[in-house]
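Read through the structure below, which is laid out as structure tokens, and then see the notes.
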Amino acid sequence: MSADRVLRARCIACDGAALRPVVEIEHYPVFQGCVSFAPAADECAPMPWAACPDCGTAQITALPPLERIYQAGHATGLGAAWARHHAAFAAFIARHARGRIADIGGGSGTLAVGYRRGGGGEPWTILEPNALRTPDLPPDVEVVDGFLSADALAGIGASSVVLCHMLEHVIDLRAALLALSQALPHDGCILIAWPELEHWVEKGLAGALNFEHGIYLTVPRLLALFAEHGWQLSDELRWDENDTRFLALSRGASRRHTVPPHDAGAAVRNYFARFTLQADALARARDCHD
């Protein structure tokens with residue numbers, strides 16, 4: 001990874017060049033996790049958002065260095081709610097995955113554990129930087145340090161790729177889809193657990209948008225993007241508990257998808273405005289306390 005900032009001058013979904021500024025958060029935490037050292041000058045950074053009028057997505061246009069955003073393993077999907085989610089997604093994977101599975105951004109391996117406990121028997125490799133291995137990770141699950149790329153997937157020999165709450169983290173969606181298309185065999189499949197960002201943002205969930213989740217697009221727009229790269233939806237399941245969509249995609253003839261109009265810029269602007277109001281209310285309550 002580069003030690004420099006990541007600048008986005010073009011849309012990461014449609015490659016459009018007409019990005020329009022939406023809102024800028026002046027001082028936003030860079031790392032989404034706990035640290036054991038004193039705050040530094042680069043602990044927070046400006047977060048500028050822009051919207052694409054061509055495809056209706058929004059994205060952060062200047063990201064801090066990725067080494068700062070992903071400086072340690074964290075947010076590994078622990079707890080009872082995630083256990084239920086992973087069990088359901090593992091069952092979905094078992095219905096569709098064939099051949100060696102590459103779990104991109106598989107974290108500590110909790111999904112791999114759920115897959116094995118559910119009877120899934122295909123070879124499983126976690127591709128993850130700074131992996132925090134769960135103590136009960138099965139010995140036949142391989143862990144490889146790295147990021148999503150065609151070379152990494154080819155090295156693993158993947159026939160199926162799992163992206164569990166990971167795809168929303170990628171720096172360039174089009175580049176990620178190109179890598180998947182280049183590396184997977186003709187009969188390969190892509191299995192995604194995707195947070196329905198339009199619902200997360202509407203509900204004001206604190207983890208919806210940040211320097212890790214630096215893109216905002218709806219599920220229909222996501223499926224349209226995959227269709228442009230020759231991937232069609234073969235099955236889906238909605239996990240209502242945390243507004244997540246399980247998607248199975250396989251290769252098929254490209255076709256146009258109808259994408260309902262959506263004002264991504266307004267959605268992002270209103271999302272952060274709500275937190276400003278909440279912060280102001282908390283400050284007033286604090287000031288009134290003895």
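- Leu178 and Ile192 end up in different hydrophobic clusters when Ile, Leu, Val, Met, Phe, Trp and Tyr side chains are linked at under 4.5 Å.
- Using a 4.0 Å cut-off between charged side-chain N and carboxylate O, Arg238 and Asp240 make a salt bridge.
- The environment of Arg95 atom CZ is dense: over 12 non-hydrogen atoms of other residues, nucleotides or ligands sit within 6.0 angstrom.
- More than 12 heavy atoms of other residues, nucleotides or ligands shown are found within 6.0 angstrom of CD on Gln278.
- A side-chain N or O of Arg100 and one of Thr125 form a donor-acceptor pair less than 3.5 Å apart.
- Between Arg174 and Glu228 there is a salt bridge, since a side-chain N of the basic residue sits under 4.0 Å from a carboxylate O of the acidic one.
- The salt bridge (Lys or Arg N to Asp or Glu O under 4.0 Å) check on Glu122 picks up nothing, with sequence neighbours excluded.
- Linking ILVMFWY side-chain heavy atoms closer than 4.5 Å, directly or via other members, places Phe89 and Trp200 in two distinct hydrophobic clusters.
- Salt-bridge check for Asp187 with Arg251: failed, with every basic side-chain N at 4.0 Å or more from each acidic carboxylate O.
- For the pair Arg117 and Asp136, the salt-bridge criterion is met [side-chain N within less than 4.0 Å of a carboxylate O].
- Note: the hydrophobic cluster containing Trp82 does not contain Leu205 (ILVMFWY, side chain heavy atoms under 4.5 Å, direct or indirect links).
- Taking the six-membered ring for Trp and the full ring otherwise, the centers of Phe246 and His85 sit less than 6.0 Å from each other.
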